[in-house]
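Structure first, then comments.
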Amino acid sequence: MIEKIKSHIAAVEAFSSTNAEEIENFRIKYLGSKGLLKEFFAAFKEVPVEQKKEFGKTVNALKNTAESKVNSLKEALESQEEAKGVYGDLSRPGEPISLGSRHPISIVKNKITDIFARIGFNVSEGPEIEDDWHNFTALNLPEYHPARDMQDTFFVEKDPDVLLRTHTSSVQVRYMENNEPPIRTISPGRVFRNEAISARSHCFFHQIEGLYVDKGVSFADLKQTLQYFTTEMFGKSKIRLRPSYFPFTEPSAEIDVYWGLETETDYKITKGTGWLEIGGCGMVDPNVLENCKIDSNEYSGFAFGVGIDRIAMLLHQIPDIRMLSENDVRFLEQFKSSF
Ligand code: PHE
């Protein structure tokens with residue numbers, strides 16, 4: 001009996017076919033529910049005790065050989081079928097291609113840079129790790145200036161100070177140092193402040209800085225530019241410039257957009273006032289121009305800075321700023337239809 005099984009093993013090993021039906025018949029012959037293996041296993045109890053061990057081993061070997069033979073022949077058959085045409089098997093269902101989505105911060109940033117590109121602004125960038133001069137001193141915040149406390153800074157090194165920029169206004173300075181007026185540039189980027197993290201504020205967020213320096217630039221130009229921006233961005237043209245203070249602009253103002261009070265959401269996001277603050281602005285302080293080697297008697301300019309995260313939260317009804325940096329796919333996937 002053992003010899004008989006051994007000869008089956010040899011037969012199985014020698015078997016080969018590229019015909020699906022033949023392979024299936026072969027499978028049924030050995031592994032089918034009425035196949036040879038069933039018979040051999042059933043015969044086990046008739047085998048004399050001293051032969052049981054070898055018998056069991058041999059039957060198992062036959063089973064394993066038959067199984068792997070059937071599998072390898074089937075695989076070979078499938079890959080052969082796939083390779084038949086240049087395009088493989090055209091009846092197979094297509095592989096779904098999963099498209100990514102843009103991050104809401106990028107969506108808003110691109111929209112803003114597009115709007116300003118249309119009126120001649122280029123895009124400039126600067127480093128996130130800054131020195132004291134570009135982040136503070138050149139912007140009229142000399143050492144010991146109390147306004148330095150307005151922005152809690154993360155220091156990388158002390159003396160000389162190396163820090164994570166607290167605003168994109170540092171890029172203004174770099175741009176003015178390296179370019180002659182007329183200057184029309186916007187600088188998007190990430191900024192950092194040592195602040196407690198909550199649903200409304202984070203220790204890093206994004207701003208877009210705008211800078212226009214030329215002969216005869218006035219506050220009216222600033223207002224007109226901002227009005228153009230809010231109309232294009234939000235479809236809202238009513239803005240309000242509230243007097244404020246920034247060391248690098250004089251005069252300075254906070255920019256408010258009239259959002260309206262029609263829906264419950266309008267109430268919520270404007271705290272019942274209808275007005276929404278989107279950033280700060282002002283006329284570039286002559287000292288700042290001089291710090292960047294631009295003649296303040298000949299040239300004037302305006303600058304503004306708006307928060308990208310705030311706008312993204314507003315436009316997409318995002319309730320918590322932390323969602324913007326948690327990278328939860330369930331959140332990010334919702335922006336697939338945006339561009
Ligand atoms: N840098 C200011 C801030 O971070 C915003 C600003 C930019 C104000 C340019 C005036 C001009 O709050």
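Start at 1 and go down the list; that is how both ligands and their atoms are numbered.
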Contacts of F41 that satisfy ring pair (Phe, Tyr, Trp, His ring centres under 6.0 Å) - sequence neighbours left out: none
Atom indices of ligand 1 within 4.0 angstrom of S169 heavy atoms, with elements: 1 (N), 7 (C)
N or O pair under 3.5 Å between T249 and ligand 1: no
Quiz item: cation-pi between K236 and F234, 6.0 Å / 45°: no
Any N or O of T166 closer than 3.5 Å to N or O of ligand 1: no
Heavy-atom neighbours of E21 CD exceed 12 at 6.0 Å: no
Side chain to side chain contact (heavy atoms under 4.5 Å, CB included) between D161 and F155, worked out: CA-CA 7 Å; D161 287 349; F155 287 94; 3.8 Å; yes
From F205, Y245, F248 - option closest to atom 2 (C) of ligand 1 by heavy atom: F248
H103 and F331 aromatic ring geometry - parallel, tilted or perpendicular at 30°/60° bounds: perpendicular
Contact with ligand 1 for C281, non-hydrogen, under 4.0 angstrom: yes
Separation of M313 CE from I105 CD1 (nearest 0.5 Å): 9.5 Å
Under 3.5 Å: N/O of Q207 near N/O of ligand 1: yes
Salt bridge (Lys or Arg N to Asp or Glu O under 4.0 Å) contacts in which one or both residues fall within residues 267-295, not counting sequence neighbours: R242-E277
A303 neighbourhood, listing ligand 1 atoms whose heavy-atom distance to it stays under 4.0 Å: 9 (C), 11 (C)
Per-atom contacts, ligand 1 versus G305 - under 4.0 Å to a heavy atom: 6 (C), 7 (C), 9 (C)
Residue-ligand contact R193/ligand 1, heavy atom below 4.0 Å: yes
